[in-house]
Amino acid sequence: MKARYSIIVPMYNEEEVIRHTYAKLKEVMDGYGEPYELVFVNDGSKDQTVDIVEAICQQDSHVRLVNFSRNFGHQIAITAGMDYAQGEAIIIIDADLQDPPEVMLEMIEKWKEGYEVVYGKRLKRKGETPFKKISAMLFYRTMRSLTNFDIPMDTGDFRLIDRKVCDVLRGLKEKNRFVRGLVSWVGFRQTMVEYVREERFAGETKYPLKKMIRFAVDGITSFSYKPLKIATYIGFTLSASSFVYLLVVLCQRLFASGVVPGWTTIVAINLLFNGIILMLLGLIGEYIGRIYDESKNRPLYIVREARGFSEEKEQEEK
Ligand code: UDP
Ligand code: MG
């Protein structure tokens, strides 16, 4: 029977939790009693994750596996899940049980009321480091002030989207994907359900600082040109003030006597300005890099194999 709900689970080195996650998702969805599929996307895990899911896949016809050829990142894994999902409503959930599966049912209820996007808003985050909480808070606030449209605060990728929304998102082929921003951007009737984010069931976060920064920079640059404008603004202000200072220096040179050549000042100004110029160049580079990414037109991800899907789907991919 064709699945009505597709649940997408991105996984990167989740061997410690994946069995529990599967059991829990199965319990909740079996209890609900409508046809569903679980689309596990293995994002190049280096541990046993894939073997575990392959075994599950063989036993349970609800389970599908999309296996990447290497680690492409969380946002791309979700995107692949959307490409493969066949349900009428698509739910994205983390593999670590931080997003409580029961909340999916609340999302489904909202969907049945006619909403096309139901996102989960985190009321609380349990068991996360103060650093993670503060950086997340700053990130969502910065994001809000830099972009021109409303990306809901404190929401993750835990959400339900309607088939229509999924199809629209699949048509957006940008490479530096910030899925939750894209979902806000496409519009449709959106609502939220609130939930408490649990602790990770087991294992460690798969988002080290480096990935977090990447994620934040992707989010901001793909939805806002304001950083570029700030760059121009800083550039102008500095040029203007250095011009004033130049006048001061000239006046001193012409009218004051015995001025000691300002070695310190020169060095300081040099350092300062070189720093700022490098910073601005870097910022512009971020955007140019993205233009380059888009122009290469490479596929977003590479699938080594897909299991558990209907014949056509697997054939289509070959
Ligand atoms: N994840 C992924 N690819 C990555 C990093 C993470 O697919 O490169 C998955 C991970 O397995 C989990 C989800 O993305 O299902 C969220 O990651 P995590 O729980 O580590 O992030 P946190 O909750 O700490 O922000
Ligand atoms: Mg997590």
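These figures come from a predicted structure and were not determined experimentally. Note that ligands are numbered from 1 as they come in the structure, with each ligand's atoms numbered from 1 the same way.
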**Q** Nearest protein heavy-atom contact for atom 21 (O) of ligand 1: which residue, which atom, what distance?
**A** Y207 CD1, 3.3 Å

**Q** I'd like to know if K112 pairs up with E34 as an ion pair, taking the criterion as any Lys NZ or Arg NE/NH1/NH2 lying under 4.0 Å from an Asp or Glu carboxylate oxygen.
**A** yes

**Q** Does an N or O anywhere in E204 fall below 3.5 Å from an N or O of ligand 1?
**A** no

**Q** Just by distance, with hydrogens left out, do Y115 and D162 show a side-chain donor and acceptor under 3.5 Å apart?
**A** no

**Q** Applying the side-chain hydrogen bond (donor to acceptor under 3.5 Å, both in side chains) test to Q75, which of D218, D43, D157 qualifies?
**A** D157

**Q** May I ask whether R197 places a heavy atom under 4.0 Å from ligand 1?
**A** yes

**Q** Test of understanding: given a 4.0 Å heavy-atom threshold, classify the contact between N71 and ligand 1 as side chain, backbone, both, or neither.
**A** side chain

**Q** Any chance the side chains of Y195 and D99 put a donor and an acceptor closer than 3.5 Å?
**A** yes

**Q** Check ligand 1 against E14 and write out every atom of the ligand that is under 4.0 Å from a heavy-atom position of the residue.
**A** 10 (C), 11 (O), 12 (C), 15 (O)

**Q** Has Q98 got an N, O or S atom lying less than 2.8 Å from the Mg ion (ligand 2)?
**A** yes

**Q** Would you please test H74 and Y207 for ring pair (Phe, Tyr, Trp, His ring centres under 6.0 Å) and show each step?
**A** CA-CA 9 Å; H74 178 205; Y207 260 97; 5.5 Å; yes

**Q** Do T49 and E14 have side-chain N/O donor and acceptor atoms under 3.5 Å apart?
**A** no

**Q** So that I can tick it off, tell me whether E113 and R189 are bridged by a salt bridge, with the cut-off set at under 4.0 angstrom between side-chain N and carboxylate O.
**A** no

**Q** For ligand 1, which atoms sit closer than 4.0 Å to a heavy atom of G73?
**A** 3 (N), 8 (O)

**Q** Tell me, which N, O or S atom in D96 is closest to the Mg ion (ligand 2)?
**A** OD2

**Q** Would you please test K121 and E194 for salt bridge (charged side-chain N to carboxylate O under 4.0 Å, His left out) and show each step?
**A** CA-CA 5 Å; K121 186 176 165 70; E194 292 177 325; 5.9 Å; no

**Q** Please list the nearest protein heavy atom to atom 18 (P) of ligand 1 with its residue and the distance rounded to 0.1 Å.
**A** R200 NH2, 3.5 Å

**Q** Starting from atom 14 (O) of ligand 1, locate the nearest protein heavy atom and write down its residue, its atom name and how far away it is, to 0.1 Å.
**A** H74 CD2, 3.2 Å

**Q** Quick one: does ligand 1 sit under 4.0 Å from the side chain of M212, the backbone, both or neither, non-hydrogen atoms only?
**A** neither

**Q** What residue and atom, counting heavy atoms only, is the protein's closest point to atom 6 (C) of ligand 1, and at what distance?
**A** K206 CB, 3.6 Å

**Q** In the protein, which heavy atom is nearest to atom 23 (O) of ligand 1, and how far is it?
**A** Q98 OE1, 2.6 Å

**Q** Take Y5 and W111 through the ring pair (Phe, Tyr, Trp, His ring centres under 6.0 Å) test and state the conclusion after the steps.
**A** CA-CA 11 Å; Y5 305 104; W111 176 67; 5.7 Å; yes

**Q** Need the ligand 1 atom indices (1-based, order shown) with element for anything under 4.0 Å from a heavy-atom of D43.
**A** 2 (C), 3 (N), 4 (C), 7 (O), 8 (O)

**Q** Below 3.5 angstrom, do we get any N/O pair linking A77 and ligand 1?
**A** no

**Q** Give me the nearest non-hydrogen protein atom to atom 22 (P) of ligand 1 as residue plus atom name, then the distance to 0.1 Å.
**A** K132 NZ, 3.5 Å

**Q** Looking only at heavy atoms, what is the nearest atom pair of V39 and A85, with distance?
**A** CG2-CA, 4.4 Å

**Q** Nearest protein heavy atom to atom 19 (O) of ligand 1, by residue and atom, and its distance?
**A** D96 OD2, 2.5 Å

**Q** Tell me whether the guanidinium CZ or amine NZ of R70 lies under 6.0 angstrom from the six-membered ring centre of F72 and within 45° of its axis.
**A** yes

**Q** Among all the protein's non-hydrogen atoms, which is closest to atom 8 (O) of ligand 1, and how far away is it?
**A** K211 NZ, 2.7 Å

